[in-house]
Amino acid sequence: QVQLVESGGGLVQPGGSLRLSCATSGFIFDFYAVGWFRQAPGREREGVACISGTSGGDGSAWYAGPVRGRFTITKDNTNDTVILQMNSLKPEDTAVYYCAKSRLYGSTLYRDIGDYDYWGQGTQVTVSS
């Protein structure tokens, strides 16, 4: 049974940092890409970052323009966990953040919601003074 569980959200002041974790189980972690998405009130869900299947290596990563240079996505193959380190947070980063597993395995980076088949329940991130 595939499961993804996000944690690490919370309230932070502008300019602050948060570290989101996505704990996974039920699939061969090395083989699949994992993506982070977010959805703000009244807006569509959007891609934030993706890390490819690693097959024992580090994998490649993609970042959406608004977060590039501030967010970092990494894979912990020992614990089957994906980390999203978020620095220099802005009020416009406020959203529910979701992680998801790609439908297909390999080294491809997947950016669209339709490329993912299993999702976590989400974790709230609020950036406010």
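Index from 1, following the sequence. Predicted model only: the values in this text are computed from it and were never measured.
- Summarising the geometry, atom CZ belonging to Arg103 is positioned 5.5 Å from atom CG belonging to Asp117; distances are rounded to the nearest 0.5 Å.
- Atom CZ of Arg19 sits in a sparse spot, with 12 or fewer heavy atoms from other residues, nucleotides or ligands closer than 6.0 Å.
- Side chain of Thr126 to backbone of Leu11: no donor-acceptor contact under 3.5 angstrom is found.
- The residues Lys75 and Asp30 are annotated as not salt-bridged, no charged nitrogen and carboxylate oxygen being separated by less than 4.0 angstrom.
- Phe29 and Leu104 fall into different hydrophobic clusters, defined by Ile, Leu, Val, Met, Phe, Trp and Tyr side-chain heavy atoms under 4.5 Å apart, directly or through other members.
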Validation: residues 106-115 side-chain donor-acceptor distances under 3.5 Å, sequence neighbours left out:
unit_1, atom_1, unit_2, atom_2, d
Asp115, OD2, Asp112, N, 3.3

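- When all heavy atoms are compared, the tightest approach of Ser21 to Ile83 is OG-CD1, 3.3 Å.
- For Ala100 against Phe37, the heavy-atom pair with the smallest separation is CB-CE1, 4.5 Å.
- Within the 3.5 Å criterion, the main-chain N or O of Asp76 finds no donor-acceptor partner in the side chain of Asn79.
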**OP:** Could you please spell out the steps behind the side-chain contact (heavy atoms from CB on, under 4.5 Å) verdict for Tyr63 and Val48?
**Re:** CA-CA 6 Å; Tyr63 298 94; Val48 173; over 6 Å; no

Original post:
Does the pair Gln124 and Thr94 meet the rule for a side-chain contact (heavy atoms from CB on, under 4.5 Å), with working shown?
Top reply: CA-CA 8 Å; Gln124 176 71 46; Thr94 295; 4.0 Å; yes

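- Cluster annotation: Trp119 and Phe31 are assigned to distinct hydrophobic clusters (Ile/Leu/Val/Met/Phe/Trp/Tyr, side-chain heavy-atom contacts under 4.5 Å, transitive).
- The shortest distance between side-chain heavy atoms of Met86 and Asp93 does not fall below 4.5 Å.
- Ring pair Phe27/Tyr32: centre-to-centre distance below 6.0 Å.
- Thr123 is listed as a side-chain neighbour of Leu20, based on a closest heavy-atom distance under 4.5 Å.
- In terms of modelled atom types and a separation under 3.5 Å, the side chain of Thr24 and the main chain of Asp80 share a donor-acceptor contact.
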Subject >> side-chain contact (heavy atoms from CB on, under 4.5 Å) assessment of Val82 paired with Thr74 >> reply: CA-CA 6 Å; Val82 175; Thr74 55; over 6 Å; no

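- Cation-pi geometry between Arg45 and Tyr98 is met: the NZ or CZ atom falls under 6.0 Å from the ring centre, inside 45° of the normal.
- Note: Tyr116 OH to Cys50 SG = 3.5 Å, rounded to the nearest 0.5 Å.
- A donor-acceptor contact shorter than 3.5 Å links the side chain of Glu6 to the backbone of Gly122.
- Transitive grouping of hydrophobic side chains (ILVMFWY, heavy atoms separated by less than 4.5 Å) brings Val34 and Tyr97 into a common cluster.
- With hydrogens and angles disregarded, no donor-acceptor distance shorter than 3.5 Å links the side chain of Arg38 to the backbone of Ala95.
- Between Val2 and Lys101, some side-chain heavy-atom pair lies under the 4.5 Å cut-off.
- Residues Pro14 and Ser129 approach most closely at CD-N, 3.7 Å, considering heavy atoms.
- Aromatic ring centres of Phe71 and Trp36: separated by at least 6.0 Å.
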**OP:** Report the C-alpha distance between Val125 and Leu18 in whole Å, list the side-chain angles of each, state the deciding distance to 0.1 Å, and finish with yes or no for side-chain contact (heavy atoms from CB on, under 4.5 Å).
**Re:** CA-CA 8 Å; Val125 171; Leu18 281 175; 3.8 Å; yes

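- The closest donor-acceptor contact from the side chain of Ser52 to the backbone of Ser60 lies under 3.5 Å.
- Atom CD of Glu44 is surrounded by 12 or fewer heavy atoms from other residues, nucleotides or ligands within 6.0 Å.
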